[in-house]
Amino acid sequence: MAHRVVVEELPDRFRPIARFEGTREEARRTLYETACTHKFTEGLQQRRREVYRVDDDTYYVEVKGGLGTYCLRYSLAERVWSSDAL
């Protein structure tokens, strides 16, 4: 099984959300669930969330809160190399 990471992309940074081993199907299911439910900032009073699939490994999300709209993207990454001995 491959090592995978769900990555949150904000306008100014990337942040790993979940690291796991699994099949591509499991990874895509985890990515979808993360895009639909992940609370990317504490204290945000979410009023509405819209999730758009860009492709099978990427979702664009708009979260409408009390003070504005936040746009972010969730992507699936697969480890292809590591300096650690396996």
Quiz prompt | Student check: side-chain heavy atoms of Leu72 and Glu9 closer than 4.5 Å | solution = no
Quiz item: Is Thr58 reaching over with its side chain to a backbone N or O of Val54, donor-acceptor style, under 3.5 angstrom?
Solution: no
Show the atom names and distances, to 0.1 Å, of all donor-acceptor pairs under 3.5 Å that link a side chain in residues 62-71 to residues at least two apart or in another chain.
unit_1 : atom_1 : unit_2 : atom_2 : d
Glu62  : OE1    : Lys64  : NZ     : 3.3
Glu62  : OE2    : Tyr60  : OH     : 2.7

Practice problem: For Arg73, look at atom CZ and say whether over 12 heavy atoms of other residues, nucleotides or ligands are found less than 6.0 Å away. | Solution: no
Quiz item: Which value, rounded to the nearest 0.5 Å, describes the distance between Tyr32 atom OH and Thr37 atom OG1?
Solution: 10.0 Å
Practice problem: Drop me the distance from Tyr74's OH to Glu8's CD, to the nearest 0.5 angstrom. | Solution: 4.0 Å
Quiz item: Should Tyr52 and Phe40 be regarded as members of a common hydrophobic cluster, given that ILVMFWY residues are connected when their side-chain heavy atoms come within less than 4.5 Å of each other, either directly or indirectly?
Solution: no
Quiz item: Considering only heavy atoms from C-beta outward, does the side chain of Val6 approach that of Phe20 to under 4.5 Å?
Solution: yes
Quiz item: In Å, rounded to the nearest 0.5 Å, how long is the span from CZ of Phe14 to OG of Ser75?
Solution: 7.5 Å
Exercise. Decide, yes or no, whether a salt bridge links Arg48 with Glu50 under the criterion of side-chain N to carboxylate O below 4.0 Å.
Key: yes
Self-check item: Ile17/His38 under side chain to side chain contact (heavy atoms under 4.5 Å, CB included): CA gap, chis, key distance, verdict
Solution: CA-CA 9 Å; Ile17 300 301; His38 181 253; 3.6 Å; yes
Self-check item: Val61 side chain near Arg49 side chain, heavy-atom distance below 4.5 Å
Solution: yes
Practice problem: Answer yes or no: is there a side-chain heavy-atom contact under 4.5 Å between Leu10 and Arg15? | Solution: no
Self-check item: Side-chain donor/acceptor of Glu26 to backbone N/O of Thr23, under 3.5 Å
Solution: yes
Quiz item: Of the non-hydrogen atoms in Leu76 and Arg4, which two are nearest, and what is the gap between them?
Solution: CD1-CB, 4.3 Å
Quiz item: Atom SG in Cys36, atom CG in Leu31: separation rounded to 0.5 Å?
Solution: 9.5 Å
Quiz item: Would you call Asp57 and Arg24 a salt bridge, taking side-chain N to carboxylate O under 4.0 Å as the test?
Solution: yes
